[in-house]
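As structure tokens, the structure follows; a few thoughts come after it.
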Amino acid sequence: MLSKEVYGMLLAFLGVLIFSWTLPASRFAAPEMGGLAVGVFRNLIGAAVAMVVLLIHKEKFPARQHWKSIILATLGTVGFGTSVAIAMKDVPSAHGAVVIAVIPLTTALLAVLRAKERPPLNFWIGILIGCGTVVTFLISQNGGSLKLHTADVWLLAALVFSAFTYVEGAKVTRHMPGWKAISWILVFTLPLILPASIFLLVQNPHILNLTPVAWGGLIYVALFSAYLGFFPWYHSFTLVGISRAGVIQLLQPLMTFVWGALFLGEHLSPAILIAGAVVLGSTVLCWKK
């Protein structure tokens with residue numbers, strides 16, 4: 001029988017495996033729809049599915065004391081999906097994946113501030129090594145310049161948005177199962193997403209005339225990245241804590257590199273491979289007790 005910690009780690013890994021397809025899938029859809037539309041419609045579809053699930057289970061509306069965390073997580077999931085989709089119009093998914101590797105650091109910092117977690121010293125050493133590697137990679141990709149590509153600015157914004165989605169959503173899971181928490185988080189996006197969806201459709205009635213590949217990318221980020229991936233992800237937080245589960249996401253770039261090379265024809269440069277290997281080592285250090 002698996003220990004609580006091993007089970008939590010496996011759930012976190014499953015969540016990250018699902019999320020590792022987010023950037024390639026967004027890249028499938030964004031060139032045809034536009035990044036903003038992908039971000040909006042991914043949440044609209046996810047919210048529609050979540051609402052059906054909640055209705056089937058006859059769930060009651062969340063108590064008022066949970067609204068703050070749900071709303072903050074809602075803003076996070078809308079901001080993350082939109083920022084990532086816009087960025088994926090201009091850079092390869094492998095590039096975006098290395099930037100997104102900083103998510104565990106922003107998540108851990110917010111977990112300390114908002115969820116009162118206290119990770120051990122080796123965690124911070126490992127997380128800083130991993131994130132320092134990411135920063136070095138960014139600078140190397142810009143020819144030694146600290147000037148960021150516009151897409152990098154969107155990706156860095158996504159780091160902050162994702163941290164709110166993870167940490168505030170995890171606070172909600174203290175009072176309800178993870179699947180219910182993410183369902184309500186997505187439903188709470190509707191006041192923002194529904195008007196935006198209507199506006200986009202009025203401005204461009206052909207926005208959903210997509211190729212099968214683009215539709216596949218949109219459906220994936222809507223059903224898996226925005227919804228189903230959070231089932232194991234949030235549950236892992238309740239078992240091993242936000243910081244320790246979140247550090248598994250340092251592995252996400254390695255997975256995304258493989259998907260980008262296999263399905264998007266992206267080149268795995270030596271810099272990306274070295275950065276990925278260092279990030280993998282820092283993940284092991286973070287988990288060591």
Taking all atoms of both residues into account, what is the closest heavy-atom pair of [X] and [Y], and its distance?
X: V167; Y: T107; answer: CG2-O, 3.6 Å
X: W124; Y: P119; answer: NE1-O, 3.4 Å
X: S20; Y: L17; answer: OG-O, 2.6 Å
X: A37; Y: L200; answer: CA-CD1, 3.8 Å
X: Y234; Y: T165; answer: OH-O, 2.6 Å
X: A47; Y: V187; answer: O-CG2, 4.1 Å

Is any side-chain heavy atom of [X] less than 4.5 Å from a side-chain heavy atom of [Y]?
X: W21; Y: V221; answer: no
X: L251; Y: F13; answer: yes
X: W67; Y: V172; answer: no
X: L186; Y: V49; answer: no
X: L190; Y: M51; answer: yes
X: R42; Y: V84; answer: no
X: M9; Y: V240; answer: no
X: T133; Y: S282; answer: no

Side chain to side chain contact (heavy atoms under 4.5 Å, CB included), that's the test. Do L75 and L192 meet it? Break it down for me.
CA-CA 9 Å; L75 296 175; L192 291 173; 3.8 Å; yes
Are Y227 and S183 linked by a side-chain donor-acceptor pair shorter than 3.5 Å?
yes
For the hydrophobic clusters of this structure (ILVMFWY residues joined by side-chain heavy atoms under 4.5 Å, transitively), does one cluster hold both [X] and [Y]?
X: I219; Y: V213; value: yes
X: L128; Y: F123; value: yes
X: L155; Y: L110; value: yes

Looking at F161, W233, F80, which hits ring pair (Phe, Tyr, Trp, His ring centres under 6.0 Å) with Y166?
W233
Could you go step by step and tell me if T22 and F224 meet the side chain to side chain contact (heavy atoms under 4.5 Å, CB included) rule?
CA-CA 8 Å; T22 299; F224 291 92; over 6 Å; no
Rounded to the nearest 0.5 Å, what separates atom [atom1] in [X] from atom [atom2] in [Y]?
X: L194; Y: F199; atom1: CG; atom2: CZ; value: 14.5 Å
X: M255; Y: L23; atom1: CE; atom2: CG; value: 13.0 Å
X: L14; Y: L228; atom1: CG; atom2: CG; value: 10.5 Å
X: I193; Y: I45; atom1: CD1; atom2: CD1; value: 11.0 Å

Backbone of [Y] reached by a side-chain donor or acceptor of [X] within 3.5 Å:
X: E32; Y: T211; value: yes
X: S69; Y: H66; value: no
X: T189; Y: I185; value: no
X: T82; Y: G79; value: no
X: S162; Y: L159; value: yes
X: T106; Y: V160; value: no
X: E117; Y: G241; value: no

If you draw a 6.0 Å radius around CZ in R118, do more than 12 non-hydrogen atoms from other residues or ligands fall strictly inside?
yes
Heavy-atom count around F41 CZ within 6.0 Å, excluding the residue itself: above 12?
yes
Check: F61 ring centroid to F188 ring centroid under 6.0 Å
yes
Give a yes or no on whether a salt bridge exists between R244 and E5, defined as a side-chain N under 4.0 angstrom from a carboxylate O.
yes
For T173 and K180, what are the C-alpha separation, side-chain angles and deciding distance, and is it a side chain to side chain contact (heavy atoms under 4.5 Å, CB included)?
CA-CA 8 Å; T173 63; K180 192 185 300 185; over 6 Å; no
Would you call the rings of W179 and F231 parallel, tilted or perpendicular, where under 30° means parallel and over 60° means perpendicular?
tilted
